[in-house]
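Naming convention: chains lettered A, B, ... in sequence-line order (proteins, then strands); numbering from 1 in each chain. Model, not experiment: these values are computed from the prediction. Side chains included, hydrogens not; waters and symmetry mates left out as well; all remaining heavy atoms used.
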Number of protein chains: 6
Amino acid sequence: MTIDQYRLSEEPAYHPGGSEIAFYEAAYGARLPVMLKGPTGCGKTRFVEHMAWRLGKPLVTVSCHEDMTASDLVGRYLLGPEGTHWQDGPLTMAVRHGAICYLDEVVEARQDTTVVIHSLTDDRRILSLEKKGELVHAHPDFQLVISYNPGYQSVLKDLKESTKQRFSAVDFTYPAAAIEASIVAAEAGIAQAAADMLVRIGEKSRHLRGQGLEEGASTRMLIHAGRLMNAGMSLTDACHHALIVPITDDPDMRAALDAVVAAHA
Amino acid sequence: MTIDQYRLSEEPAYHPGGSEIAFYEAAYGARLPVMLKGPTGCGKTRFVEHMAWRLGKPLVTVSCHEDMTASDLVGRYLLGPEGTHWQDGPLTMAVRHGAICYLDEVVEARQDTTVVIHSLTDDRRILSLEKKGELVHAHPDFQLVISYNPGYQSVLKDLKESTKQRFSAVDFTYPAAAIEASIVAAEAGIAQAAADMLVRIGEKSRHLRGQGLEEGASTRMLIHAGRLMNAGMSLTDACHHALIVPITDDPDMRAALDAVVAAHA
Amino acid sequence: MTIDQYRLSEEPAYHPGGSEIAFYEAAYGARLPVMLKGPTGCGKTRFVEHMAWRLGKPLVTVSCHEDMTASDLVGRYLLGPEGTHWQDGPLTMAVRHGAICYLDEVVEARQDTTVVIHSLTDDRRILSLEKKGELVHAHPDFQLVISYNPGYQSVLKDLKESTKQRFSAVDFTYPAAAIEASIVAAEAGIAQAAADMLVRIGEKSRHLRGQGLEEGASTRMLIHAGRLMNAGMSLTDACHHALIVPITDDPDMRAALDAVVAAHA
Amino acid sequence: MTIDQYRLSEEPAYHPGGSEIAFYEAAYGARLPVMLKGPTGCGKTRFVEHMAWRLGKPLVTVSCHEDMTASDLVGRYLLGPEGTHWQDGPLTMAVRHGAICYLDEVVEARQDTTVVIHSLTDDRRILSLEKKGELVHAHPDFQLVISYNPGYQSVLKDLKESTKQRFSAVDFTYPAAAIEASIVAAEAGIAQAAADMLVRIGEKSRHLRGQGLEEGASTRMLIHAGRLMNAGMSLTDACHHALIVPITDDPDMRAALDAVVAAHA
Amino acid sequence: MTIDQYRLSEEPAYHPGGSEIAFYEAAYGARLPVMLKGPTGCGKTRFVEHMAWRLGKPLVTVSCHEDMTASDLVGRYLLGPEGTHWQDGPLTMAVRHGAICYLDEVVEARQDTTVVIHSLTDDRRILSLEKKGELVHAHPDFQLVISYNPGYQSVLKDLKESTKQRFSAVDFTYPAAAIEASIVAAEAGIAQAAADMLVRIGEKSRHLRGQGLEEGASTRMLIHAGRLMNAGMSLTDACHHALIVPITDDPDMRAALDAVVAAHA
Amino acid sequence: MTIDQYRLSEEPAYHPGGSEIAFYEAAYGARLPVMLKGPTGCGKTRFVEHMAWRLGKPLVTVSCHEDMTASDLVGRYLLGPEGTHWQDGPLTMAVRHGAICYLDEVVEARQDTTVVIHSLTDDRRILSLEKKGELVHAHPDFQLVISYNPGYQSVLKDLKESTKQRFSAVDFTYPAAAIEASIVAAEAGIAQAAADMLVRIGEKSRHLRGQGLEEGASTRMLIHAGRLMNAGMSLTDACHHALIVPITDDPDMRAALDAVVAAHA
């Protein structure tokens with residue numbers, strides 16, 4: 001798998017909500033590691049895709065999870081007809097070839113995964129492939145980006161303070177209403193008026209957060225509703241299947257969300 | 001194993017209970033991932049079989065469990081006479097060849113399994129075979145479907161919010177009495193009158209749910225009772241072995257269920 | 001290992017206690033999965049051996065345990081001079097060749113083991129060998145039987161509701177006194193009068209259950225005592241070594257059991 | 001490793017404490033599995049060695065522990081120049097060649113280990129080598145013996161009731177004073193009078209059990225003290241190093257034990 | 001990978017804060033193992049780099065983590081065309097070739113890792129490669145250094161007393177203001193005045209430690225802020241992204257830190 | 001690795017504190033297993049080295065840890081060009097060739113490790129290499145020695161009573177002042193007067209044990225301080241780095257220890 005597989009062939013649409021592009025360009029210029037903070041489905045992944053395209057760098061994305069080990073990132077030996085040969089993992093590929101490496105929800109990964117990035121996030125910028133006996137000096141274009149959802153952390157599962165301090169960080173949240181509506185209209189292929197209605201419903205649902213709802217409707221979910229409308233469903237049915245049923249089974253909460261939709265249908 | 005193994009050769013019988021077919025067609029049209037919510041044995045698996053047949057797509061079904069890893073879904077290297085070779089897992093096969101992939105009771109699987117589907121459930125529609133060093137772009141026909149039983153979830157074991165938000169969803173429940181009776185009669189090969197009695201018994205047993213019974217008799221269990229009747233057992237004996245003994249050992253609950261059966265025998 | 005290894009060469013003695021043979025024949029006729037419920041040592045294993053002999057089918061028995069995995073049931077790759085080759089596990093062998101597969105104390109096994117049987121216990125009757133990439137359609141003679149001891153289950157360790165509902169079930173308990181005595185006499189090779197005494201002692205010990213004794217003497221243990229008598233030991237000594245010492249170290253309980261024996265010696 | 005390695009070349013000295021030899025001969029005659037119950041160091045291992053010598057059978061002893069798996073007992077595949085070959089484990093070797101297999105402290109082993117012996121401890125007398133695909137029918141001389149220390153069991157770690165019921169059992173305890181003294185004199189090579197003193201000290205120490213001492217001095221420990229005396233140490237020093245320092249660091253308990261020794265020196 | 005890979009090619013800048021260089025030289029002269037104690041980001045890693053350069057020795061650095069095993073340090077067998085061959089781990093390489101081996105955050109590693117260093121930290125100075133069957137006597141130049149963050153230890157996770165006692169130790173803390181400012185100015189490439197402001201902000205943030213902030217801004221973080229300023233960001237924005245967002249999401253704490261920055265902007 | 005690697009080439013200095021040499025010679029004469037009890041750093045390892053040199057036997061030392069398995073002690077199969085071959089572990093090497101095997105801090109090891117030594121510590125004196133299918137009879141010179149730190153044991157982690165009873169034991173503690181001073185002077189190469197001062201400081205620090213200090217300064221730590229003095233540091237600085245900083249971060253305790261040092265400087 002060559003690194004070119006990881007170049008974005010077309011510009012990912014992105015609607016900036018503030019100065020995050022300027023910050024990212026400064027951080028990339030200084031090759032500071034970057035942490036993107038914010039709730040799920042608000043556009044963090046899209047932002048890093050956009051920046052990779054803008055800076056003309058390949059982007060290697062890794063979705064982290066509880067069972068991910070350092071070997072999954074760094075690489076491992078595989079057995080072939082001539083004995084074992086080494087295969088670079090996604091992080092090593094990015095380090096060698098100067099890609100942006102995006103570790104999505106890094107706090108989910110095991111500790112060995114977060115420690116392996118330490119020597120890449122200070123001025124050493126090296127990656128030690130201990131199993132291979134190789135010290136890889138990072139390509140000048142390499143940068144590390146991680147995402148972090150503050151709402152999910154707990155005492156038991158959080159980044160170590162010595163990891164956090166290695167990153168510069170920027171907050172993300174849902175886009176402002178006008179921006180969000182134009183995103184929904186564009187991505188779902190529906191009329192602006194319908195998108196406006198969906199965004200108003202989404203904002204109302206976010207007010208219910210913490211009152212029995214873990215999170216309100218994300219931008220992603222509004223786009224889902226829009227796509228169902230584009231396929232011919234009514235606003236009410238589309239919201240039912242895309243915004244309500246996926247996230248709650250509580251009858252009172254469902255009734256409250258139904259009322260929100262009815263008020264805009 | 002070619003993908004053709006996974007094509008359904010004949011139409012799976014399905015009796016719609018509402019607008020679920022229209023919803024599914026809209027969701028499939030937009031290639032939205034779909035979540036089927038509902039209790040065990042109410043027909044979710046049959047519905048997805050029916051839709052796969054209706055849409056003319058192969059269906060790859062995976063029963064998830066606690067010890068299932070991402071490798072079980074994605075694939076792994078096997079050792080042959082020429083060294084190792086890669087074997088696609090069921091998810092990868094569905095992604096490459098444009099099947100519907102149905103992950104049954106996905107919440108049972110380990111976290112790495114739910115994370116691996118993230119990049120398939122947004123507009124990237126890619127699957128990263130990290131061990132193989134390959135990025136698979138999903139076939140245009142590929143769609144992901146999961147089932148979810150709201151009655152089973154707990155704080156400790158639930159889908160992450162960032163996973164739920166990636167799906168459009170539809171509720172399932174037991175069919176209405178007339179529909180359920182015709183299903184039982186057809187599948188068990190018994191007379192309509194007998195099926196009617198079984199369905200009435202089933203409905204009564206569902207009222208006992210939460211009063212010491214975890215769930216009432218499912219459609220599947222009514223069919224079991226019908227088959228024992230078809231093999232010559234009396235209604236009473238068939239209900240005893242198919243509806244009562246399998247689900248409870250509590251003497252009071254057994255007496256209550258016996259009384260329900262006696263009232264209809 | 002051919003399937004013929006699993007055919008029973010002579011009829012296993014079995015003394016029916018009720019209508020369990022008729023039920024089993026109806027369930028086998030409809031190919032319904034069967035669950036045998038009852039305490040340890042009351043004859044469940046012997047019953048399924050008897051039915052396999054009666055129906056002329058091979059019987060593959062697997063004792064389940066906490067460390068058993070799906071691979072132990074389904075099969076695995078082994079390394080030979082030509083690289084790896086697949087070896088069917090006991091369940092796969094039964095599925096392919098039309099045996100009755102008996103999973104003894106299935107609740108002890110890990111969750112992946114109980115999930116692997118799901119597609120075999122509905123009308124699909126298929127077994128997916130995911131590691132091999134093969135879908136095995138069950139032989140028409142194949143049937144699945146499991147045993148389940150209600151006295152052992154706990155909240156932490158029980159079959160999932162969605163598993164229980166897939167089975168028809170029948171209760172087992174210790175045989176009636178006259179039947180049990182003839183079993184003990186026949187299996188231990190002792191006189192009917194001695195067997196009668198053992199059975200009366202056994203019944204008394206079962207009344208102590210829950211008063212400090214987890215279970216009373218099973219039929220199996222009465223046969224053990226009979227065999228020690230057949231080898232020349234007195235009733236008192238045989239009961240001491242076969243019925244008392246194995247199951248309790250509590251001095252009061254031992255005294256109570258000694259008194260029961262003394263009353264019949 | 002042939003089975004002859006496991007034959008005892010000379011008679012292991014054993015001083016019977018009651019009717020345990022008669023019981024064992026009856027149980028072996030009926031091929032009943034045997035459980036030896038009693039505290040550590042009281043002669044259970046020596047007894048089974050003695051019986052194996054007396055019956056002229058090889059004896060395969062396995063010390064069980066928490067990390068022992070069924071494969072450690074049953075066997076496994078090893079990789080050689082021609083690919084893998086099977087190697088019988090100690091249990092399989094005993095089953096094939098008609099040895100007595102002694103599982104010492106079986107309750108320490110993992111559950112899969114105790115379940116693997118189930119089919120060997122009823123009238124099936126078979127061992128299923130699932131990984132090899134072989135059903136081994138036990139040699140007519142094979143017998144299974146386990147040891148069990150009642151003082152060590154807890155709710156969390158005990159044999160399952162369905163395992164216990166498969167065994168006939170006999171209690172062991174420390175030998176009577178006269179017998180114990182002649183054992184100590186013979187095994188340590190010291191005079192009878194010195195052995196008598198050690199046995200009196202040992203009995204006193206056993207009275208302290210439960211008053212801060214987990215167990216008193218076992219026969220084994222008295223022999224240790226005798227051997228140190230045989231090597232020239234005084235009774236006081238020998239008891240200090242062999243009976244006191246190994247088992248307690250509590251100053252009060254040490255003082256109490258010192259006083260016991262001083263009273264006999 | 002030869003040991004020369006681990007020689008530092010240019011002098012790492014280091015500003016001494018006290019007598020730590022004299023101590024280190026004395027400890028290295030006596031080949032005493034050294035423990036560097038202090039908070040994250042205060043310059044421990046830089047110090048050991050500086051000392052390795054000063055003493056002209058190669059430096060092998062290992063970032064420890066929860067999943068690190070003794071094999072990761074010592075080495076392992078790898079499979080090649082001629083069968084397995086041994087590959088030294090980073091510790092073994094340092095021991096053989098006379099490097100300084102720096103185990104960063106050693107308390108994170110598993111116990112086997114800390115025990116493996118015991119025989120290297122007393123006058124034996126040997127490393128036993130048990131899997132290889134080799135006793136390696138340490139090169140005369142070899143020395144072991146570990147880092148330890150007192151703020152992170154807990155009862156559950158601390159070095160064993162018998163490990164701590166093997167080390168001589170020195171405390172580290174943040175540099176004095178003047179020194180820290182010149183470090184920040186030099187490393188970030190900003191004017192002295194700007195660096196002074198950042199250091200004053202850093203000191204204020206450290207006073208908030210324990211009042212809702214796990215740690216204040218480290219020297220490393222001040223350098224990050226300086227680099228963002230060097231890339232054109234304002235002091236306020238740079239501090240926001242480098243000092244505040246990475247370490248806290250608490251609105252009150254953010255407001256307090258914002259106020260600190262505003263007071264110096 | 002031949003056993004000769006494990007012979008000590010010169011006499012390890014040892015200053016006896018009591019009758020421990022006579023005890024050890026008697027125990028070795030009777031080939032009784034020996035347990036050395038005492039705090040860390042008081043000379044247990046040095047003692048066993050001294051005795052091995054005195055008796056002219058090779059000494060195989062193994063530092064035990066939580067992740068050590070029986071295979072690490074006993075041996076394992078390694079893969080070579082001709083398939084697998086067996087490699088003896090350190091215990092097996094000692095058993096075969098008549099070395100003293102010293103298991104340092106054996107209580108840290110996993111249970112399987114302590115059980116594997118059972119058959120070596122009674123009159124069987126055999127080691128069963130179950131994976132190799134070999135029974136090794138111990139060389140007549142073989143002896144087993146373990147160390148045990150009473151201060152570290154807890155209910156959760158202690159030797160099993162049935163393991164303890166297999167050993168004769170001797171207590172160790174810090175040497176008397178005059179002996180300790182001559183050890184420190186000799187090992188650190190400092191004047192007797194300076195060593196006397198260090199020993200007095202050490203004794204004072206041991207009085208603080210249990211008042212916030214887990215253990216006081218061990219003989220080993222006093223030697224460390226002496227070596228730093230030998231390298232030119234003052235008594236105060238040497239004690240700071242060798243006796244205080246490594247073991248406590250508590251300000252009050254540090255002040256108390258500083259005062260102890262100041263009183264002797």
Side-chain angles (χ1 to χ4, degrees), chain C residues 1 5-6 12 39-41 45-46 49 60-68 72-73 76 78-83 87-90 93 104-105 108 149 151-152 187-188 214-215 217-218 220-221 223-233 237-238 240-249, chain D residues 19-20 22-35 37 69-71 77 79-86 110-119 121-124 126 128-135 148 150-151 153 158-171:
Chain C
M1 175 155 57
Q5 254 189 302
Y6 293 97
T40 190
T45 298
R46 183 64 69 88
E49 289 180 332
V60 176
T61 299
V62 182
S63 295
C64 300
H65 55 77
E66 272 184 3
D67 303 305
M68 198 171 78
D72 292 328
L73 278 184
R76 52 168 55 84
L78 292 176
L79 185 61
E82 302 295 307
Q87 184 177 50
D88 279 349
M93 195 160 44
D104 195 11
E105 298 197 49
E108 296 287 335
N149 185 337
Y152 287 0
E187 302 253 336
E214 202 176 334
E215 298 205 21
S218 62
R220 182 202 312 276
M221 294 172 83
I223 296 169
H224 284 183
R227 285 194 183 153
L228 289 177
M229 291 173 74
N230 189 19
M233 295 187 79
D237 283 354
H240 177 73
H241 289 297
L243 306 186
I244 302 176
V245 183
I247 58 169
T248 183
D249 297 300
Chain D
S19 61
E20 70 269 25
F23 158 69
Y24 193 100
E25 288 180 335
Y28 185 79
R31 294 298 183 275
L32 287 187
V34 165
M35 180 194 295
K37 291 183 121 170
T69 65
S71 292
Y77 279 100
L79 185 61
E82 302 295 308
T84 53
H85 65 275
W86 176 262
R110 298 202 308 180
Q111 290 263 3
D112 60 344
T113 306
T114 54
V115 163
V116 93
I117 62 179
H118 275 198
S119 62
T121 50
D122 55 30
D123 53 339
R124 291 176 290 169
I126 54 175
S128 176
L129 310 182
E130 277 151 23
K131 287 185 180 150
K132 182 156 185 262
E134 181 185 354
L135 265 189
Y148 182 91
Q153 311 322 319
D158 196 1
L159 288 179
K160 295 199 295 179
E161 192 71 19
S162 66
T163 303
K164 285 181 189 173
Q165 296 201 2
R166 292 164 177 277
F167 288 85
S168 61
V170 58
D171 293 319

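Atoms NE2 and OG1, on His118(D) and Thr61(C) in that order, are 13.5 Å from each other to the nearest 0.5 Å. Here the straight-line distance linking atom CD1 of Ile244(C) with atom OG of Ser168(D) works out to 13.5 Å at 0.5 Å rounding.
Ranked by heavy-atom pairs under 4.5 Å with chain D, the list Arg227(C), Arg76(C), Arg220(C), Met233(C) is led by Arg220(C). For chain C, the option among Val170(D), Ile126(D), Val34(D) with the highest count of heavy-atom pairs below 4.5 Å is Val170(D).
For Arg31(D), the side chain to side chain contact (heavy atoms under 4.5 Å, CB included) criterion is met by Tyr28(D), Arg125(D), Asp141(D), not counting sequence neighbours. For the side chain to side chain contact (heavy atoms under 4.5 Å, CB included) test, residues two or more places apart in sequence or in another chain that qualify with Pro39(C) are Cys42(C), Tyr174(C), Glu215(C).
Residues Glu214(C) and Glu161(D) come closest through the heavy atom pair OE1-OE1, 3.1 Å. Across all non-hydrogen atoms, the minimal contact from Thr248(C) to Lys37(D) is O-NZ, 3.9 Å.
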Criterion side-chain contact (heavy atoms from CB on, under 4.5 Å) on Asp123(D) and Arg46(C), from CA distance to verdict:
CA-CA 10 Å; Asp123(D) 53 339; Arg46(C) 183 64 69 88; 2.6 Å; yes
Determine, step by step, whether Phe23(D) and Leu228(C) satisfy the side-chain contact (heavy atoms from CB on, under 4.5 Å) criterion, reporting the C-alpha distance in whole Å, the side-chain angles of both residues, the deciding distance to 0.1 Å, and the verdict.
CA-CA 8 Å; Phe23(D) 158 69; Leu228(C) 289 177; 4.2 Å; yes
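Of the atoms belonging to Lys164(D), heavy atoms from both backbone and side chain fall under 4.5 Å from chain C. Both the backbone and the side chain of Pro246(C) come within contact range of chain D, each with at least one heavy atom under 4.5 Å from a heavy atom of that chain.
Under the 4.5 Å side-chain criterion, counting only non-hydrogen atoms from C-beta, Asp249(C) is in contact with Tyr148(D).
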